[in-house]
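As the structure lists them, so they are numbered: ligands from 1, and atoms in each ligand from 1. Positions are given from 1, in the same order as the sequence printed here.
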Amino acid sequence: MNLILLGPPGCGKGTQSVLLRNKLKVPAISTGQMLREACAEGTEQGLKAEKYLSSGSLVPDDIVIAIVKKRLSLGDCRDGYILDGFPRTLNQADVLKEWLGHQGKQVNVVLNFELTEKELVRRLTGRRECRICGAGYHVEQAPEKCDRCGGDLYQRDDDKEETIRRRLHIYKEQTAPLISYYTKESVLKNIDGLGDKTAIFDRIEKALNGVSVN
Ligand code: AMP
């Protein structure tokens, strides 16, 4: 199954992608995580992406598309994948459609997470992430070290309030148009993003019932 998680920053895509990966047994691919890793490793693409990431802007399509195509070409993507954070522009969506079309495949379902701006800002300003494995926490319930791998937790530069407002604005301008794009393709399912992660995952499981897979 080729599944896309769509929604503004802070809507819970990352948390749900981990639960979905365990259920569907396909890789969960986060472009944000891959870009942060490329920056940390100092690769050519990472160095180019750095200033966009820290200011909360979208990384140019050519860089992101190259990274995604390389990742989707690996053997573990043969039976499908969960895309977290891609596509984020109409051009990226067109490229993905063409890429899948060449393989006789398509996007099977797009889960669109809905949440108020107030709740998004609350979540993002309190968000903490593991430096090693990328696991996400909220400051109110965060352990001292990552539960999964013992790594240090930190606040991403782009989770500071001013940058958050900018990211939400960019989401509305550049990414929200994908809602009507995928509605027209008849693959969009809206998910109420409010509540704890299990309640949200239940909604996702219901939404996935009867989705056809190619
Ligand atoms: P995320 O971890 O999904 O919140 O992404 C963090 C940052 O990575 C975004 O604010 C962008 O700077 C960059 N990014 C992630 N995915 C994309 C994408 N599909 N297109 C452009 N930039 C992206």
Side-chain angles (χ1 to χ4, degrees), residues 2-18 20-21 27-41 43 45-72 81-100 107 110-113 115 117 119-138 153-179 181-182 193:
N2 302 316
L3 186 152
I4 291 173
L5 301 177
L6 181 64
C11 71
K13 298 189 296 291
T15 305
Q16 295 302 324
S17 75
V18 174
L20 273 166
R21 177 184 65 194
I29 296 167
S30 156
T31 41
Q33 180 72 15
M34 285 195 292
L35 287 162
R36 282 188 290 281
E37 279 165 15
C39 289
E41 287 160 14
T43 65
Q45 283 163 328
L47 293 174
K48 283 189 197 153
E50 205 156 16
K51 63 173 187 263
Y52 301 99
L53 280 166
S54 57
S55 68
S57 311
L58 291 188
V59 173
D61 280 354
D62 58 333
I63 299 176
V64 182
I65 287 167
I67 289 179
V68 169
K69 279 191 172 175
K70 193 170 166 199
R71 179 64 186 89
L72 298 189
Y81 33 79
I82 298 155
L83 288 174
D84 165 9
F86 185 91
R88 258 176 157 106
T89 63
L90 289 170
N91 178 47
Q92 291 178 11
D94 281 337
V95 169
L96 179 65
K97 187 177 176 178
E98 201 187 322
W99 166 266
L100 286 168
V107 170
V110 177
L111 300 176
N112 175 46
F113 292 82
L115 219 60
E117 183 155 335
E119 176 63 10
L120 292 169
V121 172
R122 188 195 75 80
R123 288 189 185 185
L124 288 165
T125 47
R127 192 156 77 165
R128 298 294 179 272
E129 190 169 298
C130 173
R131 255 188 219 291
I132 297 174
C133 71
Y137 298 89
H138 193 273
L153 304 185
Y154 78 111
Q155 183 177 36
R156 284 166 38 177
D157 278 348
D158 60 352
D159 278 347
K160 310 274 161 68
E161 183 144 359
E162 197 190 313
T163 317
I164 287 169
R165 298 273 174 208
R166 185 172 158 70
R167 289 167 67 206
L168 290 173
H169 176 73
I170 289 171
Y171 170 79
K172 279 186 208 151
E173 299 259 303
Q174 300 198 51
T175 308
L178 293 175
I179 297 171
Y181 179 99
Y182 285 120

Identity and separation of the nearest protein heavy atom to atom 23 (C) of ligand 1: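 For atom 23 (C) of ligand 1, the nearest protein heavy atom is Leu35 CD1, 3.8 Å.
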
Considering heavy atoms of the protein only, find what lies nearest to atom 22 (N) of ligand 1 and give residue, atom and distance to 0.1 Å.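 It is Val59 N, 3.0 Å.
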
Taking side chain as C-beta onward, heavy atoms only, is Leu58 less than 4.5 Å from Ile170?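 Yes, side chains in contact.
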
Would you say Leu96 and Asn2 make side-chain contact, with heavy atoms under 4.5 Å?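 No, too far: nothing below the 4.5 Å cut-off.
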
Sequence neighbours excluded - salt bridge (Lys or Arg N to Asp or Glu O under 4.0 Å) pairs with any residue from residues 49-66: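 Applying salt bridge (Lys or Arg N to Asp or Glu O under 4.0 Å) to every pair that reaches into residues 49-66, excluding sequence neighbours, yields nothing.
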
Enumerate the residue pairs fulfilling salt bridge (Lys or Arg N to Asp or Glu O under 4.0 Å) with a member in residues 120-138, sequence neighbours excluded, ordered by first and then second residue.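 Listed by first then second residue: Arg36-Glu129, Glu119-Arg122, Glu119-Arg123, Arg122-Glu140, Arg127-Asp159, Glu129-Arg156.
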
Record the part of Leu58 in heavy-atom contact with ligand 1 below 4.0 Å; permitted values are side chain, backbone, both and neither.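 Near ligand 1, Leu58 shows its backbone as well as its side chain.
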
Minimum heavy-atom separation for Thr163 to Asp157, with atom names?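 Residues Thr163 and Asp157, closest heavy atoms: OG1-O, 4.0 Å.
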
Considering non-hydrogen atoms only, spot the tightest contact between Arg167 and Gly56 and give its length.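 So the minimum-distance heavy-atom pair works out to CG-O, 3.4 Å.
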
Is Arg166 salt-bridged to Glu162, cutoff N-O under 4.0 Å?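 Not counted as a salt bridge, because no side-chain N and carboxylate O are separated by less than 4.0 Å.
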
For Arg156, is the nearest heavy atom under 4.0 Å from an atom of ligand 1?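 It does, in that a heavy atom of Arg156 comes within the 4.0 Å cut-off of ligand 1.
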
For the 3.5 Å polar cut-off, considering only N or O atoms, please tell me whether Gly56 and ligand 1 meet it.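 Min N/O separation from ligand 1 is not below 3.5 Å for Gly56.
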
With only distance considered, is Gly85 within less than 3.5 Å of ligand 1 through an N or O on each side?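 Among all N and O atoms of Gly85, at least one is under 3.5 Å from an N or O of ligand 1.
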
Considering the heavy atoms of [X], write down every atom of ligand 1 situated less than 4.0 Å from one of them.
X: Leu53; value: 7 (C), 8 (O), 12 (O), 13 (C)
X: Thr31; value: 15 (C), 16 (N), 17 (C), 19 (N)
X: Arg167; value: 4 (O), 10 (O)
X: Ser57; value: 11 (C), 12 (O)
X: Gln92; value: 18 (C), 19 (N), 20 (N), 21 (C)

Hey, looking at atom 15 (C) of ligand 1, which of Arg36, Arg88, Arg127 has the closest heavy atom?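 Ranked by closest heavy atom to atom 15 (C) of ligand 1, first place is Arg88.
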
